[in-house]
Student: 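Have a look at this one before I ask anything.
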Amino acid sequence: AQKVTQAQTEISVVEKEDVTLDCVYETRDTTYYLFWYKQPPSGELVFLIRRNSFDEQNEISGRYSWNFQKSTSSFNFTITASQVVDSAVYFCALSEPPSKTSYDKVIFGPGTSLSVIP
Amino acid sequence: NAGVTQTPKFRILKIGQSMTLQCAQDMNHNYMYWYRQDPGMGLKLIYYSVGAGITDKGEVPNGYNVSRSTTEDFPLRLELAAPSQTSVYFCASRAGRENSPLHFGNGTRLTVT
């Protein structure tokens with residue numbers, strides 16, 4: 001069965017520090033997709049990035065970077081030089097293609113609440 | 001382009017009452033999802049649909065019902081509200097491929113007392 005674990009419930013950092021949010025997933029499929037979403041204090045959910053299981057290249061977008069390691073079933077998210085605007089809850093999610101028993105659903109981890117202190 | 005629209009934004013129900021949470025999308029997405037978000041628990045999948053007339057249970061379907069008669073609409077029905085259903089409910093849609101990101105509505109905050 002699918003499962004997404006985000007062991008860090010809450011993290012506090014001082015502005016300009018780097019921070020890494022961990023995501024570990026479980027799946028029986030060889031084809032799957034991983035996502036990160038951001039939920040700022042205003043409550044909306046914003047898509048940040050997706051990665052498919054065949055692409056283990058790390059990705060960098062500005063101050064954000066993602067490290068996908070299939071060997072450890074992890075898809076970690078690093079914010080460099082954190083800013084107060086990065087304060088939010090961050091969710092990791094897993095999507096699999098349809099199977100004999102289900103259609104392609106998207107399962108979320110419990111989220112990590114990040115507070116960046118000025 | 002409205003995207004995913006959820007109504008109402010807030011609702012207070014008494015125990016045992018029924019209500020329908022509305023969700024509509026204008027992106028012609030086949031796939032639609034209902035999640036609930038409890039504090040510290042992340043997003044739990046309630047029901048989802050892969051097209052008109054096709055729905056399936058998610059992780060926490062008990063106490064809820066859905067129907068999908070059109071591509072645009074995916075209402076969530078609570079038949080006998082219980083305090084355990086106090087939560088924030090999010091509707092989402094996506095184009096239909098498993099690598100497509102979800103587009104979320106702004107949520108409905110429901111309190112059952």
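Letters A, B, ... mirror the listed sequences (proteins, then strands); counts begin at 1.
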Student: Could you tell me which portion of Leu102(B) (side chain, backbone, both or neither) has an atom closer than 4.5 angstrom to a non-hydrogen atom of chain A?
Tutor: both
Student: Check the surroundings of atom CG in Asn76(A): do more than 12 heavy atoms from other residues, nucleotides or ligands lie under 6.0 Å from it?
Tutor: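 Count over threshold, so yes.
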Student: Side chain, backbone, both or neither: which part of Asn99(B) has a non-hydrogen atom closer than 4.5 Å to chain A?
Tutor: both
Student: Using the rule given for side chain to side chain contact (heavy atoms under 4.5 Å, CB included), can you reason through Tyr35(B) versus Val106(A), listing the C-alpha separation, both sets of side-chain angles and the distance that settles it, and then say yes or no?
Tutor: CA-CA 10 Å; Tyr35(B) 292 89; Val106(A) 184; 3.3 Å; yes
Student: Tell me if the CD1 atom of Ile15(B) is crowded by more than 12 foreign heavy atoms within 6.0 Å.
Tutor: yes
Student: Could I get the full list of salt bridge (Lys or Arg N to Asp or Glu O under 4.0 Å) partners for Asp55(A), not counting sequence neighbours?
Tutor: Arg51(A)
Student: Name the region of Tyr33(A), side chain, backbone, both or neither, that has any atom closer than 4.5 Å to a heavy atom of chain B.
Tutor: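 Side chain of Tyr33(A) only, per the 4.5 Å heavy-atom cut-off to chain B.
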Student: Under a 3.5 Å cutoff, is there a donor and acceptor pairing between the side chains of Ser100(B) and Arg50(A)?
Tutor: no
Student: Answer with yes or no after comparing the ring centroid distance for Phe104(B) and Phe47(A) against a 6.0 Å cut-off, counting only values under it.
Tutor: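 Centroid separation for Phe104(B) and Phe47(A): 6.0 Å or greater.
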Student: Taking side chain as C-beta onward, heavy atoms only, is Gln39(A) less than 4.5 Å from Gln37(B)?
Tutor: yes
Student: Is there a path of hydrophobic side-chain contacts, each under 4.5 Å between heavy atoms of I, L, V, M, F, W or Y residues, that connects Ile46(B) with Leu21(B)?
Tutor: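 Yes, Ile46(B) connects to Leu21(B) through the hydrophobic network.
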Student: Please look at Tyr37(A) and chain B and tell me whether the side chain, the backbone, both or neither of the residue comes under 4.5 angstrom of a heavy atom of that chain.
Tutor: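 Side chain of Tyr37(A) only, per the 4.5 Å heavy-atom cut-off to chain B.
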Student: Applying the 4.5 Å side-chain criterion to the ILVMFWY set and letting contacts propagate, would Leu13(B) and Tyr64(B) be lumped into a single cluster?
Tutor: yes
Student: Below 4.5 Å from any heavy atom of chain A, which atoms of Leu43(B) appear? Answer side chain, backbone, both or neither.
Tutor: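 When you check distances to chain A, atoms from both the backbone and side chain of Leu43(B) fall under 4.5 Å.
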Student: Report, as yes or no, whether the 6.0 Å neighbourhood of atom NZ on Lys16(A) holds more than 12 heavy atoms from other residues, nucleotides or ligands.
Tutor: no
Student: So with a 6.0 Å cut-off around NZ of Lys38(A), is the heavy-atom count from everything else above 12?
Tutor: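 Counting neighbours around NZ of Lys38(A), more than 12 heavy atoms of other residues, nucleotides or ligands fall under 6.0 Å, so yes.
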Student: Are Asp56(B) and Lys105(A) close enough that some pair of their side-chain heavy atoms sits under 4.5 Å apart?
Tutor: no
Student: For the interface with chain A, which of Glu59(B), His103(B), Arg94(B), Lys44(B) has the highest count of heavy-atom pairs at distances below 4.5 Å?
Tutor: Arg94(B)
Student: Just give me the residue among Thr112(A), Leu45(A), Thr31(A), Val4(A) that pairs up with chain B most often, heavy atom to heavy atom, under 4.5 Å.
Tutor: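 Counting heavy-atom pairs under 4.5 Å, the top option is Leu45(A).
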Student: With hydrophobic residues grouped by side-chain heavy-atom distances under 4.5 Å, do Phe35(A) and Leu94(A) end up in a single group?
Tutor: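 No; Leu94(A) is not reachable from Phe35(A) via cluster members.
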